[in-house]
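Just the heavy atoms: all of them, side chains too, but no hydrogens, waters or symmetry mates, feed the values below.
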Amino acid sequence: MEPNRFESFDAIQEDASSLYRLALGWAKKVVRIASGMFWATAITGVTALVFGLIVLNGGWRLVWLVFGGGAVLFGVGTSYRLRSGVNAIIENASGLQGSIAGLLGEVTDSAEAHELATSEDDGLVRRARKARNFRKIVKGSLDRYKDVANALSVIGTFPAVVASSIAFTVLFGVLAVIFGIALLF
């Protein structure tokens with residue numbers, strides 16, 4: 001195993017501080033997005049489910065209850081996971097910096113850690129990509145640093161979760177309109 005390429009303890013602390021600020025700053029930026037996605041998905045999903053149950057009858061009602069209800073649970077669940085993950089980063093911020101420093105002390109290749117630590121000017125999606133790359137490198141050490149693992153997971157999956165939440169919200173919105181029009185006739 002090659003030695004740690006960090007130049008000094010100060011470099012580890014500096015990158016840990018930068019990664020901490022990055023994670024906390026990211027979480028504070030997306031907390032509204034995550035909450036908005038959760039509520040939009042929940043409201044449109046429940047509306048579509050209820051309207052569908054009112055409009056449909058017989059076997060179609062049961063099919064809609066199973067498949068529509070499952071889709072609502074999945075869509076709302078992914079949005080909820082994002083929202084709770086972002087809130088967990090903010091709530092557990094006090095111990096996060098120390099965990100990041102401990103993890104960086106174990107990392108043998110500092111290039112990805114330093115690249116992520118200096119990505120404050122990057123967009124949310126680019127940071128997510130860098131967080132996923134960093135997570136792959138330190139995967140073995142993350143068992144001891146669950147708060148860091150959870151933060152990296154939330155940041156790394158952010159683009160995919162938002163895209164799926166938007167897709168579910170649009171789908172549920174369209175279905176709610178269709179079922180709503182059917183209620184009128």
Side-chain angles (χ1 to χ4, degrees), residues 19 22-93 95-96 99 116 119 122-140 142-143 145-185:
L19 287 170
L22 175 81
L24 193 58
W26 177 90
K28 287 180 178 180
K29 285 180 185 177
V30 301
V31 70
R32 287 191 183 119
I33 295 170
S35 290
M37 292 307 307
F38 169 74
W39 287 111
T41 306
I43 291 168
T44 57
V46 170
T47 302
L49 184 65
V50 170
F51 282 3
L53 291 174
I54 293 170
V55 169
L56 299 171
N57 55 30
W60 288 110
R61 181 179 287 167
L62 180 61
V63 169
W64 175 244
L65 179 64
V66 171
F67 290 109
V72 169
L73 285 175
F74 182 78
V76 171
T78 57
S79 298
Y80 179 78
R81 181 183 174 272
L82 175 64
R83 185 179 127 194
S84 63
V86 169
N87 286 331
I89 290 172
I90 294 169
E91 291 169 6
N92 300 322
L96 190 59
S99 295
L116 180 60
S119 68
D122 290 346
L124 297 174
V125 174
R126 184 171 283 163
R127 271 190 248 164
R129 191 176 304 125
K130 287 179 181 180
R132 279 194 310 272
N133 290 340
F134 179 63
R135 188 169 193 262
K136 288 176 189 174
I137 290 169
V138 298
K139 190 175 184 177
L142 286 177
D143 290 338
Y145 302 101
K146 292 291 185 191
D147 54 346
V148 178
N150 292 338
L152 287 172
S153 176
V154 170
I155 294 169
T157 60
F158 173 75
V161 173
V162 167
S164 69
S165 292
I166 289 170
F168 275 111
T169 301
V170 169
L171 173 68
F172 296 147
V174 168
L175 290 172
V177 168
I178 291 170
F179 289 138
I181 291 172
L183 277 173
L184 296 175
F185 298 105

Which atom of [X] lies closest to which atom of [Y], heavy atoms considered:
X: V72; Y: G45; result: CG2-O, 3.3 Å
X: M37; Y: S79; result: O-OG, 3.8 Å
X: A93; Y: L24; result: CB-CD1, 3.7 Å
X: T44; Y: G173; result: CB-N, 4.0 Å
X: A176; Y: A48; result: N-CB, 3.8 Å
X: V76; Y: A42; result: CG2-CA, 3.6 Å

Output the distance between atom [atom1] ([X]) and atom [atom2] ([Y]), rounded to the nearest 0.5 Å.
X: F51; Y: I181; atom1: CZ; atom2: CD1; value: 11.0 Å
X: F38; Y: T78; atom1: CZ; atom2: OG1; value: 10.5 Å
X: N92; Y: N87; atom1: CG; atom2: CG; value: 10.5 Å
X: L62; Y: F67; atom1: CG; atom2: CZ; value: 9.5 Å
X: I155; Y: L22; atom1: CD1; atom2: CG; value: 6.0 Å
X: L183; Y: F185; atom1: CG; atom2: CZ; value: 11.0 Å

Report yes if the side chains of [X] and [Y] come closer than 4.5 Å at any heavy-atom pair, otherwise no.
X: F172; Y: T47; value: no
X: W26; Y: V86; value: yes
X: L49; Y: W64; value: yes
X: I54; Y: F179; value: no
X: F158; Y: I33; value: yes

Do any N or O atoms from the side chain of [X] and from the backbone of [Y] form a donor-acceptor pair under 3.5 angstrom?
X: R61; Y: L56; answer: yes
X: S164; Y: V161; answer: yes
X: S153; Y: A149; answer: no

